[in-house]
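Okay, so here's the structure we're looking at.
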Amino acid sequence: MSDSRSGSGTSAPTVLRMILGRRLQDMRQQAGASLEDAAKALRVKPLTIRRLEKAEVALKPLYVEKLLETYGAGRQEIDEFVAMAERANEPGWWHAYRDVLPNWFTAYVSLETGAKTLRTYEPHYVTGLLQTPAYARGVLHGGIPNGSDEELERRVDLRLRRQSLLQRPDAPTLWVVMEEAVLHRAVGGPQVMREQIDRLLEASELGHVSIDIVPFSAGAHVGACAPFTYFRFEEPELPDIVYSEILSASMYLDEREDVVAHLEAHTRMSLLTSSEDSRVLLNRMRKEYS
């Protein structure tokens with residue numbers, strides 16, 4: 001799975017669509033059918049089948065039904081699968097923000113919403129899931145200095161809406177590793193930074209949130225690179241996925257070698273500090289902004 005900011009206009013996959021795509025692939029392989037065999041059943045090109053299985057296009061119910069019949073599925077299984085496919089094609093809550101949510105980031109919000117575990121590395125800013133409204137406004141204004149006030153507020157509202165997943169009964173675990181530099185980057189001024197640090201201190205007391213801040217004294221380390229987020233899901237059909245970005249591109253990685261490299265980097269960075277030391281650093285920086 002990969003995408004970039006200059007990618008095509010195909011709709012971003014929802015987690016359910018990804019799950020069903022994997023199941024279609026498994027069922028085809030168990031039936032001993034090739035991509036070409038499945039394509040003949042639908043009178044389409046093999047690429048279309050591949051894109052269905054990779055969740056790169058919507059799951060058309062008629063296509064799904066015909067494929068499952070080809071793979072020898074029973075009527076009840078077909079009906080249940082088609083019902084799930086129709087649900088998978090429904091727009092997520094973030095669809096209401098499509099005016100300010102680029103397609104390449106829509107996939108991120110979907111993965112974030114469906115993940116059971118999130119591990120992030122942030123060298124520049126507080127992770128979006130823990131930003132206060134004022135801090136988010138400052139960060140987003142810096143990223144789109146020529147945007148309208150209305151657009152800015154829509155983006156802030158979207159970021160705050162994303163944070164609601166941390167209040168869900170089935171909230172995912174969130175493990176954040178940040179550089180100390182994040183706390184020295186005075187976004188919005190002293191008052192905004194004090195409020196933001198208070199938010200981090202409060203979040204660090206939640207049972208499903210961990211915050212580790214790598215101090216300057218740690219020197220050079222393995223993860224001093226671009227920000228990234230690691231997603232893990234409960235569903236066995238979905239692999240672990242890593243999202244990473246640079247100035248001009250973003251990537252979604254699910255190859256095991258890439259995922260393991262980011263996961264190991266996150267773990268090594270977390271060992272450069274402790275939760276207690278991170279809280280001490282947060283309190284010290286709060287005083288500096290007083």
Side-chain angles (χ1 to χ4, degrees), residues 1-3 12-26 53-56 59 80-81 84-85 87-95 101 104-122 126-131 158-178 199-200 202-212 223 227-245 250-271 275 278:
M1 176 183 183
S2 64
D3 195 4
T14 63
V15 168
L16 179 56
R17 204 165 86 201
M18 292 171 63
I19 293 170
L20 296 181
R22 295 267 175 168
R23 289 184 184 174
L24 279 177
Q25 182 181 43
D26 290 343
E53 294 178 350
K54 293 293 184 181
E56 294 175 354
L59 294 168
E80 291 175 352
F81 202 111
M84 286 191 292
R87 195 166 81 249
N89 291 331
E90 295 174 358
W93 63 261
W94 51 88
H95 186 71
L101 183 62
W104 58 265
F105 198 66
T106 303
Y108 182 99
V109 179
S110 175
L111 295 174
E112 182 181 72
T113 302
K116 187 61 179 177
T117 299
L118 296 159
R119 294 174 64 164
T120 72
Y121 168 63
E122 293 287 350
V126 172
T127 185
L129 289 178
L130 297 179
Q131 291 179 6
L158 168 61
R159 183 154 300 184
L160 298 181
R161 177 73 183 275
R162 285 170 48 205
Q163 296 178 4
S164 64
L165 69 86
L166 294 178
Q167 280 76 52
R168 292 185 335 210
D170 61 339
T173 58
L174 173 63
W175 187 355
V176 180
V177 173
M178 293 190 303
R199 170 71 176 118
L200 293 174
E202 292 170 2
S204 68
E205 296 179 353
L206 298 174
H208 58 292
V209 177
S210 298
I211 299 174
D212 291 324
F228 65 84
T229 300
Y230 160 91
F231 305 93
R232 172 165 286 180
F233 308 89
E234 279 189 323
E235 295 81 5
E237 296 91 345
L238 289 183
D240 296 346
I241 296 174
V242 168
Y243 168 86
S244 184
E245 65 180 37
S250 60
M251 298 172 290
Y252 293 89
L253 310 170
D254 62 5
E255 293 295 331
R256 179 170 175 77
E257 182 178 354
D258 295 325
V259 172
V260 169
H262 285 81
L263 192 58
E264 289 180 346
H266 192 277
T267 299
R268 290 176 184 173
M269 287 186 289
S270 71
L271 295 175
S275 297
S278 297

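Contact record, R232 with D240: NH2-OD2, 2.7 Å, taken as the closest heavy-atom pair. Heavy-atom minimum distance, R17 versus E56: NH2-C, 4.0 Å. Considering all non-hydrogen atoms of both residues, G128 and R159 come closest at O-CG, 3.7 Å. The two residues P172 and L118 have their closest heavy-atom pair at CG-CD1, 4.1 Å. Nearest heavy-atom pair across G114 and V15 is CA-CG2, 4.2 Å. Closest heavy-atom contact between S244 and P227: OG-O, 3.4 Å.
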Next on the checklist: Working note: T113 + W93, criterion side-chain contact (heavy atoms from CB on, under 4.5 Å); need CA distance, chi angles, decisive distance, verdict.
Outcome noted: CA-CA 10 Å; T113 302; W93 63 261; 3.7 Å; yes

Checklist entry - What's the verdict on side-chain contact (heavy atoms from CB on, under 4.5 Å) for S270 and W175, showing C-alpha distance, side-chain angles and the deciding distance? => result CA-CA 9 Å; S270 71; W175 187 355; 3.4 Å; yes

Checklist entry - Are V126 and M178 close enough, and set up right, to give a side-chain contact (heavy atoms from CB on, under 4.5 Å), and what steps lead you there? => result CA-CA 7 Å; V126 172; M178 293 190 303; 4.2 Å; yes

Item to check | Test log, rule ring-ring contact (aromatic ring centres under 6.0 Å, His included), inputs Y230 and H262 | outcome: CA-CA 8 Å; Y230 160 91; H262 285 81; 9.4 Å; no

Next on the checklist: Applying side-chain contact (heavy atoms from CB on, under 4.5 Å) to V209 and S204, what does each step give before you reach the verdict?
Outcome noted: CA-CA 6 Å; V209 177; S204 68; 6.0 Å; no

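Of the options T173, T229, T267, a side chain to side chain donor-acceptor pair (under 3.5 Å) to R119 is made by T267 and by none of the others.
Looking at E235, its side chain never comes within 3.5 Å of a backbone N or O of I19 through a donor-acceptor pair. One N or O on the side chain of N89 and one on the backbone of L59 form a donor-acceptor pair closer than 3.5 Å.
Counting heavy atoms from C-beta outward, F233 and I241 have side chains that approach closer than 4.5 Å. Between L166 and L206 the shortest side-chain heavy-atom distance does not fall below 4.5 Å. Counting heavy atoms from C-beta on, the side chains of L238 and M18 come closer than 4.5 Å. With a 4.5 Å cut-off on side-chain heavy atoms, S210 and V176 do not count as touching. The closest side-chain heavy-atom distance from L130 to I211 is below 4.5 Å. Side-chain contact between T106 and W94 is present, with at least one heavy-atom pair separated by less than 4.5 Å. Counting only heavy atoms from C-beta outward, the side chains of L129 and R162 approach each other to under 4.5 Å. Using a 4.5 Å heavy-atom threshold, the side chains of E234 and K116 count as touching.
Between Y108 and F231, the distance from one ring center to the other falls under 6.0 angstrom. If you look at Y121 and H266, their ring centroids are not closer than 6.0 Å.
Crowding of E237 atom CD: a count of heavy atoms from other residues, nucleotides or ligands under 6.0 Å exceeding 12. Residue-environment remark: CZ (R168) exceeds the threshold of 12 foreign heavy atoms within 6.0 Å. Remark: E257 CD is loosely packed, at most 12 non-hydrogen atoms of other residues, nucleotides or ligands lying under 6.0 Å away.
Rounded to the nearest 0.5 Å, atoms CG (L20) and CD (E53) are 12.0 Å apart. To the nearest 0.5 Å, the span separating NE2 on H95 from OG on S110 amounts to 13.5 Å.
Taking 4.0 Å as the cut-off between side-chain N and carboxylate O, R22 and D254 count as a salt-bridged pair.
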